[in-house]
Structures are given as structure tokens and as C-alpha cells.
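Below is one structure, written out as C-alpha cells, with a few remarks after it.
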There are 2 protein chains.
Amino acid sequence: MTKQKQAILNIIKKSDGHMTAEEIYMKAKKELPSIAIGTVYRNLGLMTDAGEIRRIAIPNSPDRYDKSTKPHEHLVCQKCGTVYDTFVTGLKEFLQQQAGVEITGYDLNLKFICDKCKPKNHI
Amino acid sequence: MTKQKQAILNIIKKSDGHMTAEEIYMKAKKELPSIAIGTVYRNLGLMTDAGEIRRIAIPNSPDRYDKSTKPHEHLVCQKCGTVYDTFVTGLKEFLQQQAGVEITGYDLNLKFICDKCKPKNHI
DNA sequence: TAAAGATTAAGAATTATTCTTAATCCTGAG
DNA sequence: CTCAGGATTAAGAATAATTCTTAATCTTTA
């Protein structure tokens, strides 16, 4: 556990949970000005492989890093791109029943429009 | 419909369905040697936005381009990375019931080990 | 039939990620 | 102790993935 890795992990754990590598880098720089973006990517990869954090791939968007590795799903706002957590119970079983092969896991992104982006009714 | 776009679309439609931009570029070059990789990406983006094809994001893997835009799910082999189509019926309804917000769509990647990669029992 | 505007491809530029190498950190023999 | 040898790591270089810019091509219509 180097100070670079510690800083990166702290930033993720204190975050809302779905930062990009670039955002993490910017924050880490305040603490360790000499840290390199490559170090951030390398540690994110290592931590992902080790199961300490989770990587989320979203079309048209850089990968996000999730502070929680508990199984859960994501809501992705189609307007602003913000990622929210959500929990769909019984999904693993539902999917396993229909898949016809043994499922070792899954990634699910639900598309929606978040409240901030929903057009408001002006009186 | 330029000859570049035509070539790209033909390659995708004739493919197994989940090529990377790089793979598409390599094939397109045989037909149009002067085509640029940027042109491939630009047209893939346009076609995706137009709903002619579908973009698939997978962690640790470049985006894939799916020849089918019909709603369906993907099986991703955790060993070789190959992407297969699958159909989970009733999933939209299942998800909508539990999500608590209006779902406009979703991307689901099921993780598994494909037959080619499954360890065989040698006698 | 050719000028004006729209569209597009090529290649340049940028962004995202991985690789290389020199530096740091252990470990244990002397 | 202490320093050589090996393991690990960070920084920065390199590469891969994607987007942007600009000059060229295509349309339209006057």
C-alpha cells in the first residue's frame, strides 16, 4: 500500500462512487502533486483486479470507478451522464433461469433521465 | 451514403455482429485503401446515433459494434472476450417494476465462459 | 453552369490507457 | 547493522482509442 494507492483509494471511498480516472487524478494531484496519470490508471486496474473497487463501462463515456463492489446495478442519466446506484432484487436468478449457460456475473446499466434533467413544468 | 459509409455498414452487416472499430478499419482498408481510421470512428458514431447499429461497451475491451439494433442482451466470455447474442424475455418489464423510475432502455452484459474456453475433460 | 452552402474524409490532435525503465523498497547473508 | 540482490512501483514515455479541424467534394439553385 503505497501513498499513491492510499490516496487514490481514499478519494474513491469518499466520493459519490462513480468517478472517472481523470477526476480521480485531479483530486490526487492536490495531495500528491507529482503523481502521474499513468499511476492512477495502473492502480485503478490493480484495485479492480483485486476486487477492491469496480470498473463500470458506459458507451460514449470514460470508465467509472465504483467504490462499492457489492452486486448492484446502475442508472445512467441519458442527458447529463451521471451514474446512480440501484438495486434490482432477484435479478441474478431471473437471468440464470433464462440464459441457458452458467452466468458468473453481469453488468447492467439502466438508462433514464434524472430529476435534475427532467423538463420542469413552468406555471 | 458515401462509399466509405457503405463499406463500413456492409462489413458490419456481413460480420458475426460484434466487431471492434479496429477490426472494421482493417477490413475496410482492403476495399478502400485510403480510408482513415478517423472516418471509421466518425461513421460508427453517426450510425450509432442514427440507430442503424448499436455500440456495446465492455470493461477492459474496446467498444464493439452490433449489427442488430433489436433489443437483446450479450454474453461476454471472461476468457477470450468473444461476445455472443442472447435473448432474455420479459426483462424490460422485470426491471421497470423494480427500478422506481422510468427506464428508457438498458445495456446488459452477462459474464460466462464459452464452450471453446471451458476446460475439457481429457480421458 | 457555377457560386454558395452543406457535408464529408483524411489526417492531425486529443484523450484514454498501457508499457518501460529507473528508482524505491524489502530481505537476508555477511 | 548494512548493503547486494531481487521484487515492486511510480513517473513519464509510448501506444491505443476517439474526436476535431480543415480542405475537398458534393448539392442546390439562381
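Below, read A as the first sequence line, B as the second, and so on, with proteins coming before strands; counting in each chain starts at 1. What you see is a predicted model; the values in this text were computed from it and never measured.
For the side chain to side chain donor-acceptor pair (under 3.5 Å) criterion with Asp66(A), the lone passing option out of His74(A), Arg55(A), Arg54(A) is His74(A).
In this structure, the CD1 atom of Ile58(B) is 19 Å from the P atom of dA16(C), given to the nearest Å. Distance CD1 (Ile24(A)) to P (dT17(C)): 11 Å, rounded to an integer number of Å. Between the OH atom of Tyr41(B) and the C1' atom of dG11(C) there is a distance of 15 Å, given to the nearest Å. The CD-P distance, from Glu23(B) to dA17(D), rounds to 10 Å in whole Å. In this entry the distance linking CG of Leu46(B) with P of dT18(D) reads 15 Å, nearest Å. Going from atom CG of Asn43(A) over to atom P of dT9(D) covers 8 Å, rounded to whole Å. The CD1-P distance, from Ile37(B) to dT14(C), rounds to 19 Å in whole Å. For the pair Arg55(B) CZ and dA17(D) C1', the computed distance is 11 Å after rounding to whole Å.
Rounding to the nearest 0.5 Å places CD of Glu31(B) at 10.0 Å from CD1 of Ile8(B). Atoms CD1 and CG, on Ile53(B) and Leu44(B) in that order, are 5.0 Å from each other to the nearest 0.5 Å.
Heavy-atom distances to DNA chain D give each of Gly38(A) and Ala21(B) a nearest nucleotide, and the one nearer the 5′ end belongs to Gly38(A).
Checking dA11(D), dA16(C), dA17(D) against every side-chain atom of Pro62(B), the shortest atom distance belongs to dA17(D). Closest to the side chain of Glu22(A), out of dA10(C), dA16(C), dA11(D), is dA16(C). Closest to the side chain of Asp63(A), out of dT17(C), dG11(C), dT18(D), is dT17(C).
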Exercise for the section: For the pair Lys5(A) and Glu52(A), evaluate salt bridge (Lys or Arg N to Asp or Glu O under 4.0 Å) and give the outcome as yes or no after the intermediate values. Expected result: CA-CA 12 Å; Lys5(A) 180 177 172 184; Glu52(A) 299 175 70; 3.2 Å; yes
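Remark: Thr39(B) is in phosphate contact with dA10(C), judged by side-chain N or O atoms under 4.0 Å from OP1 or OP2.
Note on ring orientation: taking the six-membered ring where Trp is involved, the planes of Phe94(A) and Phe94(B) are tilted (angle from 30° to 60°).
Contacts of Ile35(A) with the nucleic acid, taken as non-hydrogen atoms under 4.0 Å apart, involve only primed sugar atoms and P, OP1 or OP2.
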